Amino acid sequence: MKLKLITLAMLGVLSQSANADNNEFTGLTVGANITSVNTTVKETDTFNGDIYKHGENSILGSVQAGYTFGIGENSTLGIGVSYVIGDLKSGADPVGSDEYKGKGHYSIFIEPGYAVGDSTLLYGKLGYAAMDGFDIDSGSLDEKVKARGVIVGFGMRKVINSKFYFQFEVSQSSFGSKTETTDPTDDPLKFKVNQASLGLGYRF
């Protein structure tokens, strides 16, 4: 349902932007980032209701692509996708052998923005996020869940020249509590991913 709503919003942007003003930040873009990722997981014991929280930091790469429309003299609205490369480590059970991680984190989003001068764009982010979450016990897969949720964030782009720009962004992906569908007795896992990224983008 969340993905459908975001898709409808994107279609609305496409239908209303034909006559909108353009500026230095519009058009098709791609980017690559170095991303500091903090991933946490809450595990709820199905037998006694106890909640255990684990977390870990990782330095990973991420890539993105999008298209930004001008919707006024200083305003923009972008649509895009992003993908985090590598495992999002989520810590380990200090009294057991379980380790947790996420993998395949991607998002589909909209980005309302506001240009400050000719070289700086401030923007917000709202979208759909997804990844697979894993509980690894003694090196073997104990549980796998399909985490689905919402990403929110904000950032800044600084133009270098007509083609390249720097970008800084922070975001949070919040996922609902999930239990592996093949074994409903497994403990529900609830992941959260915080990202801070610095990267370089290219505008076509």
Side-chain angles (χ1 to χ4, degrees), residues 1-3 6 31-65 80-111 123-156 166-200:
M1 184 62 180
K2 293 175 183 176
L3 182 57
I6 293 169
N33 310 285
I34 298 296
T35 304
S36 175
V37 183
N38 173 259
T39 308
T40 61
V41 58
K42 286 184 179 180
E43 182 179 16
T44 303
D45 193 305
T46 55
F47 293 102
N48 56 30
D50 289 346
I51 296 176
Y52 306 95
K53 185 176 181 179
H54 317 283
E56 190 170 337
N57 297 318
S58 306
I59 301 297
L60 302 171
S62 64
V63 292
Q64 66 187 61
V81 296
S82 66
Y83 183 82
V84 179
I85 303 168
D87 292 348
L88 290 75
K89 296 181 180 180
S90 311
D93 186 345
V95 296
S97 56
D98 294 80
E99 297 180 346
Y100 306 88
K101 67 178 181 179
K103 193 170 185 177
H105 181 289
Y106 71 91
S107 63
I108 304 170
F109 53 82
I110 57 175
E111 287 181 345
Y123 65 89
K125 171 175 284 188
L126 175 64
Y128 169 83
M131 72 174 188
D132 290 332
F134 298 88
D135 176 359
I136 309 298
D137 186 1
S138 302
S140 300
L141 178 63
D142 183 54
E143 185 177 359
K144 176 183 176 181
V145 300
K146 293 185 178 298
R148 304 291 183 262
V150 174
I151 185 171
V152 296
F154 62 90
M156 179 185 72
F166 285 118
Q167 175 175 285
F168 172 76
E169 179 182 298
V170 295
S171 67
Q172 182 178 91
S173 301
S174 298
F175 301 101
S177 184
K178 287 287 187 179
T179 302
E180 188 174 34
T181 55
T182 56
D183 188 356
T185 64
D186 277 341
D187 296 341
L189 302 178
K190 186 176 183 179
F191 286 88
K192 182 178 289 185
V193 178
N194 295 304
Q195 301 181 59
S197 63
L198 180 65
L200 183 67

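Since we're looking at a predicted model, the values are computed, not measured. The figures that follow rest on heavy atoms only: side chains count, while hydrogens, waters and symmetry mates do not.
For Ser62, the side-chain hydrogen bond (donor to acceptor under 3.5 Å, both in side chains) partners two or more places apart in sequence, or in a different chain, are Asn33, Thr35. Residues satisfying the side-chain contact (heavy atoms from CB on, under 4.5 Å) test with Asn57, not counting sequence neighbours, are Asn38. For Tyr123, the side-chain hydrogen bond (donor to acceptor under 3.5 Å, both in side chains) test picks out Glu169, with sequence neighbours left out. A search for side-chain hydrogen bond (donor to acceptor under 3.5 Å, both in side chains) contacts involving Asp132 returns nothing, not counting sequence neighbours. Taking Glu56 as the reference, nothing meets the salt bridge (charged side-chain N to carboxylate O under 4.0 Å, His left out) condition, with sequence neighbours excluded. Under the side-chain contact (heavy atoms from CB on, under 4.5 Å) criterion, Tyr83 pairs with Val63, Ile85, Tyr106, sequence neighbours left out. Taking the salt bridge (charged side-chain N to carboxylate O under 4.0 Å, His left out) definition, one finds that Lys192 meets it with nothing, sequence neighbours left out. By the side-chain contact (heavy atoms from CB on, under 4.5 Å) test, Leu200 is found to be paired with Ile160, Phe164, Phe166, residues two or more places apart in sequence or in another chain being considered. For Phe191, the ring pair (Phe, Tyr, Trp, His ring centres under 6.0 Å) test picks out no residue, with sequence neighbours left out. In this structure Ser90 satisfies the side-chain hydrogen bond (donor to acceptor under 3.5 Å, both in side chains) test with no other residue, sequence neighbours excluded.
Side-chain contact check for Ile34 versus Leu198: every heavy-atom pair is 4.5 Å or farther apart. Within the 4.5 Å cutoff, no side-chain heavy atoms of Asn194 are placed close to those of Val37. Contact annotation: the side chain of Val193 approaches that of Phe175 to within less than 4.5 Å [non-hydrogen atoms, C-beta and beyond]. In this structure, the side chains of Ser197 and Phe168 stay at 4.5 Å or more apart for every pair of heavy atoms. The closest side-chain heavy-atom distance from Thr40 to Lys42 is not below 4.5 Å. Inter-residue side-chain proximity for Lys89 and Glu99 is flagged as unmet; no heavy-atom pair is nearer than 4.5 Å.
No donor-acceptor pair under 3.5 Å is formed between the side chain of Arg148 and the backbone N or O of Tyr128.
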- Evaluation steps, side-chain contact (heavy atoms from CB on, under 4.5 Å), between Gln172 and Val150: CA-CA 8 Å; Gln172 182 178 91; Val150 174; over 6 Å; no

- Task: Could you check Leu126 against Phe109 for side-chain contact (heavy atoms from CB on, under 4.5 Å), going step by step and ending with a plain yes or no?
- Result: CA-CA 5 Å; Leu126 175 64; Phe109 53 82; over 6 Å; no

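Across all non-hydrogen atoms, the minimal contact from Leu88 to Met131 is CD2-SD, 4.4 Å. Nearest heavy-atom pair, Ser173 versus His105, reported as atom, atom and distance to 0.1 Å: OG-NE2, 2.9 Å.
Judged by the 6.0 Å and 45° rule, Lys144 forms no cation-pi pair with Phe134.
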